[in-house]
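Inspection log for the structure reproduced underneath, given as structure tokens.
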Amino acid sequence: MNLRGLDKSRLPRHVAVIMDGNGRWARLKGKSRIEGHRRGKASVRAVVEISRKLGISYLSLYAFSTENWLRPKDEVHALMGLLEHYLTVEQPKMMRHGIRLLAIGDKDRLPAPVFHTLGNAVRTTRENKGMTVLLALSYSGRDDIVRMVQNIARKVREGVCAVEDIDEGMISAHMDTRSIPDPDLLIRTSGEMRISNFFLWQIPYTELYITPTLWPDFREREYVQALLEFQRRRRRFGRTDEQITQPFQSCDRGQRTQK
Ligand code: FPP
């Protein structure tokens with residue numbers, strides 16, 4: 001791996017990725033959109049592999065949004081097939097490398113074979129301690145917030161907690177991402193300047209990195225570029241430059257000390 005000056009002691013703990021541009025990549029190459037997604041799957045494998053080698057603890061991938069259900073049926077079907085294939089083929093590798101798989105989103109909407117393969121992969125890798133790969137499937141940030149509000153409202157109704165108990169910590173603890181620190185770096189490929197209903201609550205101080213590279217072309221070189229750019233950022237978490245004593249902090253440490 002060519003790390004080109006990357007400081008391994010200052011890597012993000014959690015990287016989140018909006019993988020975009022499979023369709024445009026396919027169009028540019030005169031191939032089908034499904035071929036674009038197939039190539040995108042290879043980028044997923046590459047980014048998981050590099051993250052693991054570097055020692056990044058959490059990698060979140062926006063693999064299928066709530067809105068993606070509105071795509072043509074054959075494309076949705078192909079994406080589900082790719083996902084199932086990925087989960088099946090990669091599971092032994094995840095076990096070999098100690099990768100834990102988690103999934104967030106409205107999983108009940110997934111076709112039964114994907115639901116079962118996913119459940120099986122999550123269960124099998126549950127005790128792995130190396131790195132966590134978080135797949136956002138049938139996920140949207142607003143949906144996540146709706147689920148959180150419903151869960152807390154239910155607890156208030158049942159008398160488990162009071163309205164006054166609701167604070168940022170409680171909200172975070174009821175999001176799909178409850179056991180995961182906020183992302184330090186959010187990468188979006190294909191140049192679009194938007195969040196597209198991915199993490200909303202989780203990214204108040206996340207560094208954003210948007211590259212014109214299309215997802216199927218996003219491999220080691222582009223990933224290292226993003227990490228280098230992250231290391232050039234000065235994270236202040238709402239404070240002044242002078243107040244920053246430590247040159248590097250990851251998200252939740254910053255939030256805890258910020259007042
Ligand atoms: C966006 O490209 C990408 C997706 C909707 C899905 C991402 C899926 C993969 C990378 C393949 C399989 C995933 C896993 C986890 C194995 P787009 O179709 O929106 O591209 P466009 O904007 O250029 O049309």
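FYI, the numbering just counts along the sequence from 1. Atoms within a ligand are numbered from 1 in the order they appear, just like the ligands themselves. The analysis underlying the following values was restricted to heavy atoms, covering all of them including side chains, and did not include hydrogens, waters or symmetry mates.
Proximity of Phe64 to ligand 1, defined as any heavy-atom pair under 4.0 Å, is not found for any part of the residue. Of the heavy atoms in Arg39, none comes closer than 4.0 Å to ligand 1. At a heavy-atom distance under 4.0 Å, only side-chain atoms of Asn68, from C-beta outward, approach ligand 1.
Considering backbone and side-chain atoms alike, Gly23 places an N or O below 3.5 Å from some N or O of ligand 1. The distance criterion of under 3.5 Å between nitrogen or oxygen atoms is met by Arg33 with respect to ligand 1. Looking at ligand 1, you'll find an N or O of Asn22 within less than 3.5 Å of one of its N or O atoms. At least one N/O-N/O distance between Arg24 and ligand 1 falls below 3.5 Å. In terms of polar-atom proximity, Trp215 is not counted as a contact of ligand 1, lacking any N or O under 3.5 Å from an N or O of the ligand.
Listed by chain and number, the residues in a ring pair (Phe, Tyr, Trp, His ring centres under 6.0 Å) with Trp25 amount to none (sequence neighbours excluded).
Looking at Leu79 and Asn68, their side chains never come closer than 4.5 Å, going by heavy atoms from C-beta outward.
Ion pairing between a basic and an acidic side chain is recognised when a charged N comes within 4.0 Å of a carboxylate O; Lys53 and Glu49 show such pairing.
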Tabulate below the donor-acceptor pairs under 3.5 Å that side-chain atoms of residues 99-110 make, not counting sequence neighbours, or state none.
from, atom 1, to, atom 2, distance (Å)
Arg100, NE, Thr132, OG1, 3.0
Arg100, NH2, Thr132, OG1, 2.9
Lys107, NZ, Ala103, O, 3.0

